[in-house]
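Residue numbers start from 1 in every chain, and the chains themselves are labelled A, B, ... in the order their sequence lines are given, proteins ahead of strands.
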Number of protein chains: 2
Amino acid sequence: MLTNRNSMLKKERQAFIIKEINLHNKVLSSDLSMALDVSEDTIRRDLNELALEGRVVKVHGGALSKSYQMAAVQTDTYAYEKKEVIAMKTLKLFKDGMVILTSGGTTMREIAKRLPESLQVTFFTISPLIALELAEHPKADVILLGGQLSNASKVTIGAEVVQKISEIKADICILGINGMDLDGITDSDYEIVQVKKAMIKASKQMIIPTISEKLNTALRYKVTPTADIDCLITELSPLHDTIQPYLSQVKLVL
Amino acid sequence: MLTNRNSMLKKERQAFIIKEINLHNKVLSSDLSMALDVSEDTIRRDLNELALEGRVVKVHGGALSKSYQMAAVQTDTYAYEKKEVIAMKTLKLFKDGMVILTSGGTTMREIAKRLPESLQVTFFTISPLIALELAEHPKADVILLGGQLSNASKVTIGAEVVQKISEIKADICILGINGMDLDGITDSDYEIVQVKKAMIKASKQMIIPTISEKLNTALRYKVTPTADIDCLITELSPLHDTIQPYLSQVKLVL
DNA sequence: TATATTCATGAAAATTTTAGCATAAAAGCG
DNA sequence: CGCTTTTATGCTAAAATTTTCATGAATATA
């Protein structure tokens with residue numbers, strides 16, 4: 001070896017690689033080659049060894065942390081546990097005799113699935129899927145708001161729906177969302193935005209159940225200002241860092 | 001710093017796409033191309049790979065979340081083969097541009113599943129399940145007739161539905177039935193009878209697809225006389241003994 | 001229908017991997 | 001110490017993979 005000082009033992013080098021991966025969740029062979037001043041072949045051999053030991057996941061061009069693969073596998077019901085937590089929190093707001101207006105979405109579906117047997121509530125919904133889920137409940141009254149069915153999001157949209165919603169006076173409206181930041185709730189579908197606006201207008205209170213990942217993301221069209229939200233429900237504690245900025249904007253955070 | 005922001009590993013990129021889809025339920029190829037700074041070809045190839053793995057649903061221009069796509073897959077329908085035969089016969093009556101009014105029922109669902117891709121029709125339906133099935137069809141316009149959702153039969157009922165139906169002028173109405181004999185079509189649910197009467201009134205032609213088992217049975221409430229049926233469709237040949245008595249009553253038997 | 005997007009395909013370019021070989025250091029041994 | 005063996009590393013050329021680009025076909029959208 002040319003310079004003893006700079007030379008690194010194999011184990012030492014591999015430890016460095018592991019550390020890098022833990023830090024950044026990925027490494028590129030080319031980067032490591034430069035940083036450690038060895039050929040890419042050596043790096044590749046290292047990565048192959050580490051992959052064989054199951055310490056990293058080798059991919060074309062470098063390697064990824066194992067957690068990447070984990071996250072990639074669980075996909076069936078995305079963020080299932082989180083949505084379960086959100087559903088339980090949301091259900092605490094439901095009282096006997098309430099009129100509840102709801103949109104669609106998988107979070108809302110988790111809520112519908114867990115509706116307590118004893119609860120006597122009236123639901124208005126634009127989602128056939130949610131309606132069918134709620135129809136399983138013995139004491140729930142379910143009114144499906146008719147209209148054109150959107151191919152993409154599978155909820156009814158259009159002037160007729162908006163008109164019908166305007167005739168309702170609901171106690172609370174549960175709104176599934178796609179994007180939200182400190183400024184407001186946003187969505188990517190214009191038609192759906194119109195319906196959601198009508199839903200908000202028709203309800204005394206607006207409740208937003210969402211996984212925290214959707215916070216601090218914005219989409220094309222604005223639905224309503226964040227300040228108008230009556231209750232924001234995420235899987236996180238209201239004390240969590242991510243939630244802090246929203247505490248001053250939203251009336252109640254669960 | 002080792003991380004090179006410009007280059008992203010394939011797996012990493014696909015993980016990003018999955019996350020984006022799970023978050024917003026859909027992604028556009030063009031958006032991803034911009035966000036990840038790769039060509040749309042690369043995005044398309046990623047989406048195709050992910051679709052092949054069954055992680056996302058590829059559509060024109062982007063991809064959708066899987067959870068939206070799956071609307072309960074059931075193959076354990078009673079008399080599946082018979083209903084398949086009936087469905088194929090019924091579909092021959094559908095023409096481009098038609099306005100079709102339909103009730104619910106498993107037979108109707110088999111029809112909806114098999115709707116040819118090329119057909120351009122407008123559906124009005126009282127069944128959320130049928131609506132969701134039809135919504136998978138690219139060229140079908142689906143209007144869900146809103147109203148109270150019946151717990152038992154999972155179709156919308158009530159004055160509102162009847163009122164809405166009266167405003168429609170459909171070419172044909174496909175009516176699932178529960179009982180029928182030489183005298184007339186009968187049902188056991190009074191509310192549903194009201195809706196079916198309205199559907200018949202709103203349509204130029206009435207088509208009854210039913211398994212032959214239901215022939216020669218009668219229930220509590222009468223819907224309409226057998227003589228009013230325009231087309232009766234069963235899994236049997238019109239020459240079959242069971243069908244013979246109906247030939248004189250019904251205009252067309254398939 | 002006409003126009004604009006998006007898709008599929010194959011070829012080309014860029015990058016990464018593999019495998020074989022050469023070199024050199026490290027280790028083992030008489 | 002000399003000698004051989006083992007191990008680690010780098011190099012090259014060919015193979016494989018990934019990405020882009022160009023084109024016409026298919027598809028949406030007005």
Are there any protein N/O atoms within less than 3.5 Å of an N/O atom in nucleotides 20-26 of chain D, and if so, which ones and at what distance?
residue, atom, partner, partner atom, Å
D:dT20, OP1, B:S39, N, 3.4
D:dT20, OP2, B:S39, N, 3.0
D:dT20, OP2, B:S39, OG, 2.8
D:dT20, OP2, B:T42, OG1, 2.2

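The shortest non-hydrogen separation linking B:A170 to B:L101 is CB-CB, 3.9 Å.
Distances shorter than 4.0 Å separate some side-chain N or O of B:R13 from OP1 or OP2 on D:dT19. In this structure, B:K10 does not reach the C:dT16 phosphate: none of its side-chain N or O atoms is under 4.0 Å from OP1 or OP2.
With a 4.5 Å cut-off on side-chain heavy atoms, A:D181 and A:Y246 count as touching.
For the salt bridge (charged side-chain N to carboxylate O under 4.0 Å, His left out) with A:D46, the qualifying choice from A:R55, A:K58, A:R13 is A:R13, the only one to do so. Partner of B:F94 under the side-chain contact (heavy atoms from CB on, under 4.5 Å) criterion, out of B:I207, B:L115, B:D171: B:L115 alone.
Spacing between atom CZ of A:R44 and atom P of C:dG20 amounts to 15 Å, rounded to whole angstrom units. Rounded to whole angstrom, the span from the CG atom of A:D46 across to the C1' atom of D:dG10 amounts to 13 Å. Protein atom NZ of A:K11 is 17 Å distant from nucleotide atom P of C:dA26, rounded to whole Å. Taking atom CG on B:L32 and atom C1' on C:dT6, their separation rounds to 14 Å, with Å as the unit. As a whole-Å value, the separation of A:K58 NZ from D:dA16 P is 17 Å. Across the protein-nucleic acid pair, A:L47 atom CG and C:dT17 atom P stand 8 Å apart, rounded to whole Å. The separation between A:K26 atom NZ and C:dT16 atom P is 12 Å, rounded to whole Å. Per the geometry, CE belonging to A:M34 stands 12 Å off P belonging to C:dT16, to the nearest Å.
Judged by distance alone, the side chains of B:S153 and B:S150 do bring a donor and an acceptor atom under 3.5 Å apart.
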Practice prompt. Begin from the C-alpha positions of A:E110 and A:K83 and carry the test salt bridge (charged side-chain N to carboxylate O under 4.0 Å, His left out) through to its verdict.
Written response: CA-CA 7 Å; A:E110 293 305 317; A:K83 284 174 180 172; over 6 Å; no
